[in-house]
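Lettering of chains follows the sequences in order, A, B, ..., and the numbering in each one begins at 1. Here the structure is a predicted model, which means the values were calculated and not measured.
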Protein chains: 2
Amino acid sequence: MKDAKNVTITDSEWMVMRAIWTMGHATSRELIDAMNELEGWSASTTKTLLHRLIQKQAVSQHGGSRPFTYKPVVGEKESMAAAADDLFDHMCAMRAGSTIAGVIQSRELSRADIANLQAILAEKAKTAPEEVQCNCLPGDQTC
Amino acid sequence: MKDAKNVTITDSEWMVMRAIWTMGHATSRELIDAMNELEGWSASTTKTLLHRLIQKQAVSQHGGSRPFTYKPVVGEKESMAAAADDLFDHMCAMRAGSTIAGVIQSRELSRADIANLQAILAEKAKTAPEEVQCNCLPGDQTC
DNA sequence: GTTAAGAGGCTACAAACGTAAACTTAGAAT
DNA sequence: ATTCTAAGTTTACGTTTGTAGCCTCTTAAC
């Protein structure tokens, strides 16, 4: 999974990011407690992950003195978009449509989300091609 | 990334699966050549990946004698759906809508794909909730 | 000023991954 | 039957990931 800066964020790290994103900002103590409750992780595990996220510059440390505060550097929305794009980049372009269809069916979406998607689709329909080409093999064959 | 059987298929393995899916079935020679052209991999690398895929039962070996034929065991469509679901499972439910919106915007979709998505959305709109709850932290707070 | 407790940092270690070399075996050519 | 070669198998090795222990400061309390 890639984040907004196109750095790889692992699954475990992603869990920590979710907590930070939701809290807005947090101390390590808060993160440790949240992760322990959510995933059963030991304090060390959360600390390690937090450190790796700082190194990757996905999270920043604030407040001059010791109980530091941690804040997300990369945005949740952008990171999710980047991760989703990364996934679809590794898949056959021809299958994107049905994959998106599956996702829509299996997820809970609000009325506003649906209206938004409908608007985007209506717009996109204006310039949509008849067929999408398979991009899996050299020579551009069709799946 | 998870495949249709909920086994983890790594990024490299995914590349091989794409080739096999597109070809329908292939010999190791064909796969080796395709992967060399696509990714610049050595023959050994493709062989290793093919083996790991067989062990994971994502690919099967056919033909009694030596230039064996390899075929996908898991379907492309199902695997893509599983991988996409896996991704969204790790993300905040509240953000799924906008993430899907981003994907739709950045991907090429055919007229048929769009019509299909519109039909699904129209159906889904009938029972859509006003709000989706954040599922990031214990206590079910809202992001 | 001394000390204790918690925050932060360093080290660890097995499993998974990406990548590939080396070895073995079974058909193909002679 | 012998040998060559491509197909298949085993082994390898550095890096990343998941998970966590232990050491060292710093701040707060005495």
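Contact annotation: Trp41(B) does not reach the phosphate of dA20(C) (side-chain N/O to OP1 or OP2, under 4.0 Å). The phosphate of dT19(C) (OP1 or OP2) has a side-chain N or O of Ser12(B) nearer than 4.0 angstrom.
Lys124(A) places no side-chain N or O within donor-acceptor distance of the main-chain N or O of Ile114(B), the cut-off being under 3.5 Å. Checking side-chain atoms of Glu123(B) against main-chain N and O of Ile120(B) turns up no donor-acceptor pair under 3.5 Å. Between the side chain of Asp3(B) and the main chain of Ser79(B), no donor-acceptor pair closer than 3.5 Å is present.
Across the protein-nucleic acid pair, Gln55(B) atom CD and dA16(C) atom P stand 12 Å apart, rounded to whole Å. Nucleotide dC17(C) holds its P atom 17 Å from the CD atom of Glu39(B), rounded to whole Å. Between the C1' atom of dC17(C) and the NE2 atom of His90(A) lies a distance of 14 Å, rounded to the nearest Å. Protein atom CE of Met17(B) is 15 Å distant from nucleotide atom P of dC17(C), rounded to whole Å. Taking atom CZ of residue Arg52(B) and atom P of nucleotide dA16(C), one finds them 11 Å apart after rounding to whole Å.
The number of heavy atoms from other shown groups lying within 6.0 Å of CD (Gln57(B)) does not exceed 12. More than 12 heavy-atom neighbours from other residues, nucleotides or ligands sit within 6.0 angstrom of CD on Glu39(A). Crowding of Lys77(B) atom NZ: a count of heavy atoms from other residues, nucleotides or ligands under 6.0 Å not exceeding 12.
Contact annotation for Thr45(B): base contact, defined as any heavy-atom pair under 4.0 Å involving a base atom.
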Interface polar pairs with nucleotides 8-10 of chain C, N/O, under 3.5 angstrom:
from	atom 1	to	atom 2	distance (Å)
dG8(C)	OP1	Arg66(A)	O	2.9
dG8(C)	OP1	Phe68(A)	N	2.7
dG8(C)	OP1	Tyr70(A)	OH	3.3
dG8(C)	OP2	Ser28(A)	OG	2.4
dG8(C)	O4'	Arg66(A)	NH2	3.1
dG8(C)	N7	Lys47(A)	NZ	3.0
dG8(C)	O6	Lys47(A)	NZ	3.1
dG9(C)	OP2	His51(A)	NE2	2.3

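When only modelled atom types and interatomic distance are considered, Asn135(A) and Arg18(B) share a side-chain donor-acceptor pair under 3.5 Å.
Residues Ile32(B) and Asp11(A) both approach DNA chain D. Their nearest nucleotides, taken by heavy-atom distance, put Ile32(B) toward the 5′ side. Take the nearest nucleotide of DNA chain D for Gly64(A) and for Glu13(A): the residue whose nucleotide is more 5' is Glu13(A).
Scanning DNA chain D 5' to 3' for nucleotides with an atom closer than 4.0 angstrom to a non-hydrogen atom of chain B gives a first and last hit of dA7(D) to dA12(D).
Contact check on Glu76(A) versus Arg95(B) returns a salt bridge, with a Lys/Arg side-chain nitrogen under 4.0 Å from an Asp/Glu carboxylate oxygen.
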| message | Using side chain to side chain donor-acceptor pair (under 3.5 Å), reason through Thr48(B) and Thr45(B) one step at a time and then give a plain yes or no. | response | CA-CA 5 Å; Thr48(B) 300; Thr45(B) 299; over 6 Å; no

